[in-house]
Amino acid sequence: MTFFADLHVHSKYSRATAKNLDLENLYRASRLKGITVVGTGDFTHPAWFAEIEEKLVEAEPGLFRLKPELEKELDRHVPALCLADVRFILQAEISSIYKKDGVVRKNHNLVFFPDLQSVKRFNARLDRIGNIESDGRPILGLDAEKLLEITLDTNPEGMLIPAHIWTPWFSLFGSKSGFDRVDQCFGDLSGHIFAAETGLSSDPPMNWRVKDLDRISLISSSDAHSPMYLGRNATVFHSNLSFKDIRKALETGDPAQYGGTVDMYPHQGKYHFDGHRKCGVCLAPEKTESFGGICPECGKPLTLGVLNRVQKLAARPRGYTPENRASFQSIVPMADLLSEIFQVGPKTKKVGGHYDKLLESIGPELYILLECGIPDIEKAGVPMFAEAVQRMRAGRVKISPGYDGEYGKVEIFSKEDREALKGGGGKLFEDPAVRKKKSTGAKEKKPQENKACVPGKEPREKEELSAGPAEERLNSRQEKAVAFQGAPLMIQAGPGTGKTRTITEKIAFLIREKGVRPEDILALTFTTKAAGEMKQRIETRTGKKPCDVVAATFHSFCLMVLREYGGFDPMVANEEALAGFLDKACAEESIKPDKADLMIQKAKQRLFSVEDDLEPLFGPDQAETVRRIWKRYEALLAADGFSDYEDLIVRTVTLFNQNPDLLSKAKERFTYIFVDEYQDINHSQYVLVKTLACGGERLVVIGDPDQSIYGFRGSDRTFFNRFEHDFPGCEKIVLKKSYRSPQSILDASFQMITRQNNETGRERILSTLSFDSRLLILETAGRKAEAVSVGKMIEQMVGGTSFLSIDAGKVLDAPEKEFSFSDFAVLFRTKRQYDAFEEVFSTAGIPFQCAGREKREHPDVAVQGPEGEILNHDQDFWVPEAEKVSFMTIHAAKGLEFPVVFVAGCEQGLIPFFPKRDEPADLDEERRLFYVAMTRAEHLLCLTYAKKRMVFGKTEKREKSVFLQDIEKNLLLHRNTEFVREAKKNTPKQMELF
DNA sequence: AGGTCCACCGTTTTT
DNA sequence: CGGTGGACCT
């Protein structure tokens with residue numbers, strides 16, 4: 001049999017869809033339109049799937065029908081001539097946003113299954129990857145290739161069809177974030193892609209020009225967001241009614257089974273031509289070329305349409321027709337024809353009335369438009385309608401093309417036609433003047449030359465760079481730091497100034513130019529991660545792997561020394577064992593284990609022994625208690641032959657003190673000692689460094705005292721400031737160029753941080769970036785509102801156009817940038833703040849990951865790696881490449897950078913944090929924390945705060961952070977929640993294209 | 001031993 | 001508000 005199918009629709013659970021988009025109305029609309037097989041849409045949505053299970057029953061293999069009792073009820077409201085069978089096919093659309101080959105990709109794919117069980121399994125798998133509840137068309141950070149793999153894995157009979165493959169924002173071939181070829185997207189699985197959806201803005205002849213699509217069957221569907229749009233595009237089948245037969249028809253492309261498509265004129269689609277909706281500029285691709293892709297009105301890049309993109313990928317000329325091509329027919333939806341005839345909107349009562357009348361007297365819409373004889377149409381008595389259908393079938397329609405989200409406009413009758421037809425003249429049928437004509441743009445405007453070319457602004461300052469490949473280039477200060485020799489060196493490296501690069505370059509320089517043996521270089525760090533990264537970068541830079549430079553944490557270095565020089569092999573007790581010892585040691589004492597732990601560590605860090613006078617550290621009240629606990633703790637450790645971490649450093653220092661020979665040996669061995677993050681050094685580590693480096697010129701320390709945020713665990717930045725005193729004759733180099741943040745962010749953070757001691761005369765860091773952005777300050781009602789606002793901003797920015805350019809105040813003075821979820825970080829002072837955000841983001845379907853969240857169980861938040869796999873639940877980990885928004889504490893964010901940074905809770909009590917009620921413990925460290933937070937941003941920094949917040953069970957009024965008062969007003973853009981709402985209202989098009 | 005009630009407290013975190 | 005832990009009870 002021959003039938004029409006509409007294989008891409010949505011339900012009421014998708015964004016921006018009609019509330020009445022339920023199975024009953026899909027059924028009814030299918031009958032009115034003449035569609036036999038209709039997609040269910042949205043089967044991933046739990047509520048919608050429940051409706052599917054409840055209301056549908058299998059009719060033919062893999063196809064479903066409404067339960068008879070429901071059909072019966074509905075039959076009464078359908079014209080007699082439209083009473084035909086309707087079958088549902090299980091269908092959903094998945095929106096994938098992910099990075100591939102370093103580029104953000106966004107595409108939509110249709111997934112079909114022949115049975116409910118498969119859908120259940122499929123949904124269960126997606127549920128672990130992202131939030132499928134929040135929208136009928138879920139947004140997942142899932143690679144399309146992976147999605148295809150999951151589909152086939154769930155049921156090899158299932159099919160995945162890339163949706164509206166040409167739309168700029170979300171599609172396989174989209175100009176904004178798509179691919180050039182099918183195999184770039186689907187890799188080895190490309191063979192399983194045997195069909196693709198043309199979308200409203202392209203039709204088969206456009207697709208025929210692209211060689212990559214030769215083996216692919218084109219389908220056309222409505223992507224209906226309301227029942228009335230159903231069937232505006234459709235696919236024709238000459239097959240049996242079953243899932244298998246439909247699949248086979250598409251897979252083989254056999255003209256005996258697959259009958260091609262019915263398409264609206266692509267010019268009617270929203271993205272056919274190029275242009276700017278706001279500027280009223282609509283251009284054919286050739287014209288766009290002549291303007292260099294720049295809008296002649298506003299000077300920004302034009303939104304390129306589908307035709308443009310097709311031409312870019314097309315190997316064949318316009319009008320190329322392959323052999324054995326499937327047939328296709330162009331239509332104008334009946335409501336549009338009637339709207340044109342009566343010169344009223346397509347949704348008006350008048351159009352509706354005539355529409356109903358036509359269906360009642362002739363039959364379903366597709367039959368009227370495509371098959372019914374003209375005389376029969378005339379009999380229905382709708383004036384001019386038969387003529388309109390005839391012209392449409394002959395292609396005699398004029399359409400102003402759609403562009404940049406604006407639908408194209410259909411014109412069938414000119415003013416003169418209208419007059420003539422009203423006058424009853426029949427001449428028009430032969431009028432050769434009315435041929436198919438395409439406008440080159442209804443509102444095309446003349447270019448304004450001075451505006452037309454606004455390329456990127458000149459960089460703020462010309463970089464003095466040394467020669468060599470880009471990654472090796474250093475600015476003059478960095479170069480000086482690399483080449484400097486002859487005295488201890490301190491490099492002060494503010495945020496984004498290329499600290500690690502300078503240090504690795506210097507090490508590479510010593511090895512390459514100065515003949516220093518790699519194994520004679522010691523690089524000390526505070527974390528294993530930092531040590532690993534350092535090692536890796538040296539390997540990359542020197543091209544030698546493995547690298548023999550001793551890049552190690554303080555603790556692992558000490559362990560090495562104790563083994564190699566001290567002749568003993570300490571065993572460090574694990575966390576569990578240590579906790580056990582502490583528990584025992586604290587039994588019957590007034591100090592709790594975790595407090596005692598901190599105290600003992602503190603004493604060891606200060607190189608106190610258990611016999612020393614502890615009063616200077618803990619006061620007269622607690623000194624003796626601590627001593628008792630400490631003694632017991634040491635005994636317990638010794639009994640099992642354990643050490644704790646601090647012991648490693650203490651013993652190493654002691655070893656060197658007591659054995660000058662060993663010390664000389666160690667000094668001889670390491671001709672160079674590098675210390676990274678020197679501002680985080682504590683007393684015992686400082687003594688160790690000084691012991692090893694004393695008397696030589698071999699020491700290089702690097703760090704930034706403004707980023708010292710670990711005072712609570714012993715770090716003491718005064719060692720950094722004392723360096724010149726400790727190592728007389730040393731050289732100090734300050735790096736002053738930031739490669740990370742825009743100037744306003746640097747200035748704002750500078751103004752804030754220099755207030756710590758009312759500093760004056762310090763030089764600010766200069767940005768090397770060619771754009772700038774003001775800081776957005778967002779005031780929200782409460783913690784939920786704060787999370788919602790941030791979520792909405794992220795949605796808008798991921799959606800395509802930055803919401804930033806919408807606001808007249810303009811936050812970001814930068815070229816349009818594409819953001820993906822991994823580009824965002826939300827930073828918090830406390831982990832407690834995660835809660836509201838997790839809840840809101842889960843509901844909104846925005847993927848996120850929390851860094852360093854411990855002792856929290858969130859089985860509903862699956863931990864997912866970059867491949868969309870579930871990698872395990874035991875250890876909570878944060879994957880930088882995962883396509884997710886990062887939630888982290890400011891502490892955890894140190895050393896990282898993100899295109900867009902939100903700092904949540906910029907209010908008194910959180911930033912600065914008040915441990916008690918009224919006063920912060922260490923205002924300066926809180927200030928430095930905020931400094932670290934602010935300077936993570938590469939493009940945009942948004943500081944949010946809540947006007948009220950629940951604190952210890954009571955809702956409190958909150959004031960914005962005092963730190964914000966230290967920033968000049970002109971760098972800031974203050975907004976409240978309303979702003980987010982407004983911005984959202986103005987940009988519905990990106991996330992909901994159709 | 002296991003359960004219930006009430007008082008209390010509430011940051012940041014590496015080795 | 002919400003989790004923990006000590007005190008006290010069954």
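Residue numbering restarts at 1 for every chain, and letters A, B, ... go by the order of the sequence lines. Excluded from the calculations below are hydrogen atoms, water molecules and symmetry mates; all remaining heavy atoms, backbone and side chain alike, are included.
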Undergrad: Can you sort out the partners of A:Leu578 under side chain to side chain contact (heavy atoms under 4.5 Å, CB included), two or more places apart, ordered by chain and number?
TA: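 A:Leu578: side chain to side chain contact (heavy atoms under 4.5 Å, CB included) contacts with A:Ala573, A:Tyr633, A:Leu637, A:Asp644.
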Undergrad: B:dT14 P sits how many Å from A:Asp716 CG, rounded?
TA: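 The distance from CG of A:Asp716 to P of B:dT14 comes to 20 Å, rounded to the nearest Å.
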Undergrad: How many Å lie between CZ on A:Arg928 and C1' on B:dT12, as a whole number?
TA: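 One finds 13 Å between C1' of B:dT12 and CZ of A:Arg928, rounded.
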Undergrad: Separation of A:Asp835 atom CG from C:dG3 atom C1', in whole Å?
TA: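 For the pair A:Asp835 CG and C:dG3 C1', the rounded distance is 13 Å.
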Undergrad: Between A:Phe554 (CZ) and B:dT15 (P), how many Å, whole number?
TA: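 Taking CZ of A:Phe554 and P of B:dT15, I get 13 Å after rounding.
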Undergrad: Could you check how far CZ of A:Arg713 sits from C1' of B:dT13, rounded to whole Å?
TA: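 It is 5 Å, rounded to the nearest whole Å.
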Undergrad: So which nucleotide from C:dC1, B:dT13, B:dT15 ends up closest to the side chain of A:His555?
TA: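 Closest nucleotide among those given: B:dT15.
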Undergrad: Listing time: all N or O pairs from protein to nucleotides 5-11 of chain B that are below 3.5 Å?
TA:
| residue | atom | partner | partner atom | Å |
| --- | --- | --- | --- | --- |
| B:dG10 | N2 | A:Arg832 | NH1 | 3.3 |
| B:dT11 | O2 | A:Arg829 | NH1 | 3.2 |
| B:dT11 | O2 | A:Arg829 | NH2 | 2.7 |

Undergrad: For A:Gln707 and A:Val932, indicate whether the former's side chain and the latter's backbone hold a donor-acceptor pair under 3.5 Å.
TA: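 Not a single qualifying donor-acceptor pair exists.
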Undergrad: Please tell me if A:Thr889 has a side-chain N or O lying less than 4.0 Å from either OP1 or OP2 of B:dT13.
TA: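 For A:Thr889, the contact criterion (side-chain N or O under 4.0 Å from OP1 or OP2 of B:dT13) is met.
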Undergrad: Using ring-ring contact (aromatic ring centres under 6.0 Å, His included) as the criterion, point out the one residue from A:Phe824, A:Phe841, A:Phe902 that pairs with A:Phe887.
TA: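 Exactly one pass, corresponding to A:Phe841.
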Undergrad: Taking OH from A:Tyr710 and C1' from B:dT15, how many angstroms apart are they, rounded to a whole number?
TA: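 Rounded to the whole Å, the gap is 12 Å.
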Undergrad: Using the P atom as the reference point in each nucleotide, state the distance between C:dG2 and B:dT13 in Å, no decimals.
TA: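 These two P atoms come out 23 Å apart once rounded.
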Undergrad: With A:Lys784, which residues qualify under salt bridge (charged side-chain N to carboxylate O under 4.0 Å, His left out), at least two apart?
TA: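 By the salt bridge (charged side-chain N to carboxylate O under 4.0 Å, His left out) rule, A:Lys784 matches A:Glu839.
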Undergrad: Under the salt bridge (charged side-chain N to carboxylate O under 4.0 Å, His left out) rule, collect the residues that match up with A:Asp716, sequence neighbours excluded.
TA: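 For A:Asp716 there are no salt bridge (charged side-chain N to carboxylate O under 4.0 Å, His left out) partners, ignoring immediate neighbours.
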Undergrad: For A:Ala623, check side chain to side chain contact (heavy atoms under 4.5 Å, CB included) against everything at least two apart and list the hits.
TA: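 Partners of A:Ala623 under the side chain to side chain contact (heavy atoms under 4.5 Å, CB included) test: A:Leu614, A:Glu615.
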Undergrad: Nearest-Å distance, CE (A:Met888) to C1' (B:dT13)?
TA: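 After rounding, the gap between these two atoms is 14 Å.
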Undergrad: Kindly write out the residues that satisfy side-chain hydrogen bond (donor to acceptor under 3.5 Å, both in side chains) with A:Glu677, not counting sequence neighbours, or none if the list is empty.
TA: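 side-chain hydrogen bond (donor to acceptor under 3.5 Å, both in side chains) check on A:Glu677 returns A:Lys499, A:Gln679, A:Lys894.
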Undergrad: Rounding to a whole Å, what distance do you find between A:Asp922:CG and B:dT12:C1'?
TA: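 These atoms are roughly 12 Å apart.
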